[in-house]
Amino acid sequence: MMNKYEAIVIGVSFGGMHALSTIIPNLPKDFSMPIVIVQHQMSGKEEMLHTILDKLSQMEVLEAKQNEKICAKTVYIAPGGYHLLIETNKTFSLSVDLPVNHSIPSIDVLFDSAAQTYKSNLIGIILTGANNDGSLGLKKIRDYGGLAIVENPKTAQVNIMPQSALDIAGADFVLTLDEIKKYLVENDYGK
């Protein structure tokens with residue numbers, strides 16, 4: 001029996017605006033699963049990211065807030081300067097703990113908490129980036145039985161993060177940005 005996935009988490013770093021603007025605006029307004037994104041960024045830049053993506057996208061794109069309930073048909077961006085976690089009651093919490101993998105927000109922190117909450121009903125996606133953040137988190141998603149998608153390192157703007165994810169976690173699918181977009185649209189598991 002196929003999993004009924006409940007949420008998608010995406011980790012992206014250098015080259016993220018191009019990657020996200022290739023995928024997110026092409027998802028239909030009624031795309032059923034919430035999408036939670038950590039983009040490595042300096043504090044203060046995140047408003048620009050969620051504002052730009054919201055203008056380009058059919059889905060609503062918001063900055064994630066403390067204690068906010070995670071809703072379907074919505075894209076959430078981690079605020080700069082905070083780790084973003086998903087609690088077991090499917091709300092967000094923000095942490096100002098030390099950087100993980102030199103990053104705050106950290107992809108691993110989001111992916112780890114999301115895996116513990118959604119178990120096998122989670123899709124994790126690693127996109128372009130210049131460090132190894134997200135690799136251990138993606139492994140945790142796979143350990144819980146979730147689905148792992150990694151951008152093809154050969155076509156990524158920066159291949160270090162996707163290659164690290166493949167080396168440490170492996171993947172169910174290795175796809176280009178266009179293939180990831182197509183896969184998500186054709187496989188809206190939440191419906």
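For His40 and Ser103, the side-chain atoms include at least one donor-acceptor pair closer than 3.5 Å. Under the 3.5 Å distance criterion, with hydrogens and angles disregarded, no donor-acceptor pair is assigned to the side chains of Asp178 and Thr176. Defined by atom type and a distance below 3.5 Å, a donor-acceptor pair is missing between the side-chain atoms of Glu60 and Thr74.
Taking the side chain as every heavy atom from C-beta outward, Tyr5 and Leu122 never approach each other to under 4.5 Å. Within the 4.5 Å cutoff, the side chain of Leu85 has heavy atoms near those of the Glu87 side chain. Using a 4.5 Å heavy-atom cutoff, the side chains of Leu49 and Thr51 are not in contact. No side-chain heavy atom of Leu175 sits less than 4.5 Å from a side-chain heavy atom of Asn152. Using a 4.5 Å heavy-atom cutoff, the side chains of Ile180 and Glu151 are in contact.
Ring planes of Phe173 and Tyr183: tilted class, angle from 30 to 60°.
Judged purely by atom type and a 3.5 angstrom limit, Thr117 has no side-chain atom pairing as donor or acceptor with the backbone of Ala114. Of the possible polar contacts, one joining the His83 side chain to the Ser106 backbone as a donor-acceptor pair under 3.5 Å is found. The main-chain N or O of Asn67 is never found under 3.5 Å from a side-chain atom of Thr91 such that the two would form a donor-acceptor pair. Of the possible polar contacts, one joining the Ser21 side chain to the His18 backbone as a donor-acceptor pair under 3.5 Å is found. Listed for the Lys119 side chain is a donor-acceptor partner under 3.5 Å among the backbone atoms of Gln116. Side chain of Asn132 to main chain of Ser164: no donor-acceptor pair is present (N/O by atom type, distance under 3.5 Å, no hydrogens or angles). Judged by distance alone, with hydrogens and angles left aside, the side-chain atoms of Asp54 form a donor-acceptor pair with the main-chain N or O of Val61 at under 3.5 Å. Put simply, the side chain of Gln66 never gets that close to the backbone of Ser93: no donor and acceptor are under 3.5 Å apart. Put simply, the side chain of Asp172 gets close to the backbone of Ala148: a donor and an acceptor are under 3.5 Å apart. A donor-acceptor contact shorter than 3.5 Å is absent between the side chain of Glu63 and the backbone of Pro79.
Tyr118 is linked by a ring-ring contact (aromatic ring centres under 6.0 Å, His included) to nothing, counting only residues two or more places apart in sequence or in another chain. With sequence neighbours excluded, no residue satisfies salt bridge (Lys or Arg N to Asp or Glu O under 4.0 Å) with Lys73. Applying the side chain to side chain donor-acceptor pair (under 3.5 Å) rule to Thr22 yields no partners; only residues at least two apart in sequence or on another chain are considered.
Phe92 CZ: more than 12 foreign heavy atoms inside a 6.0 Å radius. Residue Tyr144 places its OH atom among more than 12 non-hydrogen atoms of other residues, nucleotides or ligands, all under 6.0 Å distant.
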Should Leu27 and Ile35 be marked as a side-chain contact (heavy atoms from CB on, under 4.5 Å) after you check the CA-CA gap, both sets of side-chain angles, and the distance that decides it? CA-CA 11 Å; Leu27 299 176; Ile35 300 172; 3.4 Å; yes
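With rounding to the nearest 0.5 Å, the separation of CD in Glu186 from NZ in Lys181 is 11.0 Å. Going from atom OG of Ser120 over to atom NZ of Lys4 covers 13.0 Å, rounded to the nearest 0.5 Å. Remark: Glu179 CD to Ile23 CD1 distance equals 11.0 Å, nearest 0.5 Å. A distance of 8.0 Å separates CG of Asn26 from CD of Gln58, quoted to the nearest 0.5 Å. Here Ile52 contributes atom CD1 and Ile24 contributes atom CD1; the two are 14.0 Å apart, rounded to the nearest 0.5 Å. Of the inter-residue distances, the one linking Ser95 atom OG with Ile104 atom CD1 reads 6.0 Å to the nearest 0.5 angstrom.
Cluster annotation: Val96 and Leu94 are assigned to the same hydrophobic cluster (Ile/Leu/Val/Met/Phe/Trp/Tyr, side-chain heavy-atom contacts under 4.5 Å, transitive).
Among Val158, Val12, Ile37, Val150, the single residue meeting the side-chain contact (heavy atoms from CB on, under 4.5 Å) criterion with Leu127 is Val12. Shown are Ile126, Asp133, Leu136, Ile125; of these, the side-chain contact (heavy atoms from CB on, under 4.5 Å) with Phe111 is made only by Ile126. For the side-chain contact (heavy atoms from CB on, under 4.5 Å) criterion with Leu84, the lone passing option out of Val109, Ile77, Val36, Ile107 is Val36.
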